[in-house]
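Sequence positions, counted from 1, serve as the residue numbers for this chain. Here the structure is a predicted model, which is why all the values come from computation and not from measurement. What you see below is based on every heavy atom in this structure, not just the backbone, and it leaves out hydrogens, waters and symmetry mates. Numbering of ligands and ligand atoms starts at 1, following listing order.
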Amino acid sequence: MENFISFVFFLCFIILLHTQWRKKAKTRRKEPPGPWKLPIIGNLHQLSASSQQPTHRVLRELVKKYGSQGMMKLQIGEINAVVVSSPAVAKELIRNHDLTFATKWQSLASKTLFYNDFGVVFSPYGDYWRQLRKVYSTELLNAKNVRSFSSIRHDEIHSLLADLHSSSGQLVNFTHRIFLLMSSIICKSAFGKVFTGREEFLEQIKEISEFLGGFDFADVFPSWKVLHGLCGNKKRIMKTRRKVDGIIENIIKEHREKVESGDCLIDVLITQMDSGGLKLPITHDTIKGVIVEIFAAGSDTSSTATVWAMSEMMKNPRVLAKAQAEVREAFRGKEKLEEEDMEELAYLKSVVKETLRFHPPLPMLVPKECMEETMVCGYTIPLKSKILINVWAMGRDPQYWEDPESFIPERFEKSSIDFMGNHFEFLPFGGGRRICPGLGFGFANALSPLAHLLFHFDWKLPSGVTADTLDMTEMNGIAVARKNDLFLIPTPIHASS
Ligand code: HEM
């Protein structure tokens, strides 16, 4: 009997302990706050109600209103999304929990358009990603290659200058010229030459960016499989993939049919696929995924930054005059600028950095996924949440930046803030393990064309457009470029170069 009573006491004690532990765990498990939700769709209506505005702007306002410490949780259909727009929280994610957030959130668009995420950008964190990222650093973005790319850049810029000389005094589509320039630099650097169908591919990039930046029905209601073909963008995404696929197959075919094997990234990958030399095999889809992502990640981002930089200079004639005076003073008496000369252009570099603060080409980076339930700044981030780090909002946070809504390159002149992922209020290339491996190349691709364009030409807005009325509307997508192309009138100040 005594034994029985002790057993009952012991059982009660265990039950009490368990209840206390569960109570504590429940209070400890506090998810970030967010706006009120509707059944089934959650917060979807708040995002679509403001669909006239780009997502990074809508999310900044929602975080301000409903978030805490610059962090907010949304329920979008069946998925959780955590939005961060505070440099302090971003620091916590990147410094202390980088591994937990090192994988990418995969969507219908990323899987369809990037060949089951076989490239680096959307690839899940793990050995495959590590291996391919290593191939990029050794075969594409190593110091020797990046140096040799400067001669490709130099030649391409000079053919753009010649082209602009022949359009002297006429209205030119600046956006289009810059996208052609950048895609030529990327194609020649990574694929050995400009491929057939480049312009058609460029046209698809806008669509690809829009699909990647949105919330597709299949992504937010993954369990409603029967409706995936009927609702959302599946058909449009498949159509884009078919167009891009034809061009890519042709690129691979041309590389295979070449008499001599070259040493561009595609040749290296084809050789590795054929020889099976890598631990995790490279497949035909790996090569296709790599082609789309290098073309998109390499040329779209740098073009977007360059066009925004020029747009801001046209909107701020004081900045344009100062940058132009610096370039012309630094190279007085020279007919041509050399790539090494760019180092001297402290003010123009600040213009590019300010552009990356004010208009980061990927304003919410590439969405990540939480690999393990984790506490961040006192809040629980649920497993598998989509993580959106709003670097656009962080670059305009008044706690970190003075007069953040104005374009003032001077703020970088005496500042030690860089974009290498250590200053969390300025993360245009991301940070941590998934930081952009092309940041040096990308920065040079924006700086050098701007220096040449300011050195060789004076620039005017089209008749009837003034600095005050210049349209600066942003498009919506994973990459945020100008919605409408920038048109300008170049007037050469030197004889044809
Ligand atoms: C101004 C130009 C550029 C900007 C602003 C930019 C920005 C970014 C950003 C924000 C990310 C995502 C980082 C994250 O999610 O944490 C990224 C990733 C990436 N970028 Fe860039 N990028 C630029 C140029 C380039 C160039 C020129 C290349 C290569 C030719 C490149 C290749 C990549 C790759 C492969 C990744 C994926 C890295 C990974 O997930 O491990 N980027 N870039």
Restricting to heavy atoms, the pick from Phe149, Phe101, Phe441 nearest atom 30 (C) of ligand 1 would be Phe441

Atom 35 (C) of ligand 1 has as its nearest protein heavy atom Tyr136 CE2, 3.4 Å

Within the 4.0 Å heavy-atom cut-off, what Trp129 brings close to ligand 1 is side chain

Applying a strict 4.0 Å limit to heavy atoms, is Ala446 in contact with ligand 1?
no

If you scan protein heavy atoms around atom 22 (N) of ligand 1, the nearest is Cys436 SG, 3.1 Å

**Asked** Between Glu312 and Thr355, is any side-chain donor less than 3.5 angstrom from a side-chain acceptor?
**Response** no

of all protein heavy atoms, closest to atom 15 (O) of ligand 1 is Lys368 NZ, 2.9 Å

Ligand 1 to Gly298, heavy atom cutoff 4.0 Å, flagged ligand atoms 26 (C), 27 (C), 28 (C)

- [ ] Return yes when atom CD of Glu402 has more than 12 non-hydrogen atoms of other residues, nucleotides or ligands closer than 6.0 Å, and no otherwise.
- [x] no

Return a yes/no value for Arg433: is any of its N or O atoms, backbone included, closer than 3.5 angstrom to an N or O of ligand 1? no

So the atoms of ligand 1 within less than 4.0 Å of a heavy atom of Pro361 turn out to be 5 (C)

Discussion item. Treating Gln69 as the side-chain partner and Val89 as the backbone partner, does any N or O pair qualify as donor plus acceptor under 3.5 Å?
Written reply: no

Ligand 1 atoms nearer than 4.0 angstrom to some heavy atom of Arg133 are 38 (C), 39 (C), 41 (O)

Practice item. Return yes if a side-chain donor-acceptor contact under 3.5 Å exists between Ser184 and Arg198, otherwise no. Key: yes

Nearest non-hydrogen protein atom to atom 9 (C) of ligand 1, with distance, is Leu362 CD1, 3.4 Å

protein heavy-atom neighbour closest to atom 25 (C) of ligand 1 works out as Ala297 O, 3.5 Å

For atom 19 (C) of ligand 1, the closest protein heavy atom turns out to be Pro437 CD, 3.7 Å

Other residues, nucleotides, ligands: >12 heavy atoms within 6.0 Å of Met472 CE:
yes

Paired with Lys288, the side chain to side chain contact (heavy atoms under 4.5 Å, CB included) test is passed by just one of Ile252, Asn116, Thr283, Ile251, namely Ile252

The answer for which part of Pro428 has a heavy atom under 4.0 Å from ligand 1 is backbone

Cut-off 3.5 Å, side chains only: do Thr55 and Asn476 have a donor facing an acceptor? yes

task: Would you mind checking if Glu156 and Arg153 are paired as a salt bridge, meaning a charged N to carboxylate O distance below 4.0 Å?
output: no

Checking heavy atoms under 4.0 Å, the part of Val366 that sits near ligand 1 is both

Do the side-chain N and O atoms of Ser311 and Arg482 include a donor-acceptor pair separated by under 3.5 angstrom?
-> yes

Whether the side chain of Arg396 engages the backbone of Pro404 through a donor-acceptor N/O pair (distance < 3.5 Å, no angle test) should be reported. no

Of all protein heavy atoms, the one nearest atom 4 (C) of ligand 1 is Phe429 CE2, 3.3 Å

Result for side chain to side chain contact (heavy atoms under 4.5 Å, CB included) between Thr103 and one of Lys368, Met371, Lys384 points to Met371

With a distance cut-off below 6.0 Å to the six-membered ring centre and an angular limit of 45° from the axis, does Arg130 pair with Tyr125 as a cation-pi contact? yes

If we number the atoms of ligand 1 from 1 as shown, the ones under 4.0 Å from a heavy atom of Lys104 are 15 (O), 40 (O)

shortest atom 40 (O) of ligand 1-to-protein heavy-atom contact is with Arg434 NE, 2.8 Å

Quick note on ligand 1: atoms under 4.0 Å from a heavy atom of Val121 include exactly 34 (C), 36 (C), 37 (C), 40 (O)

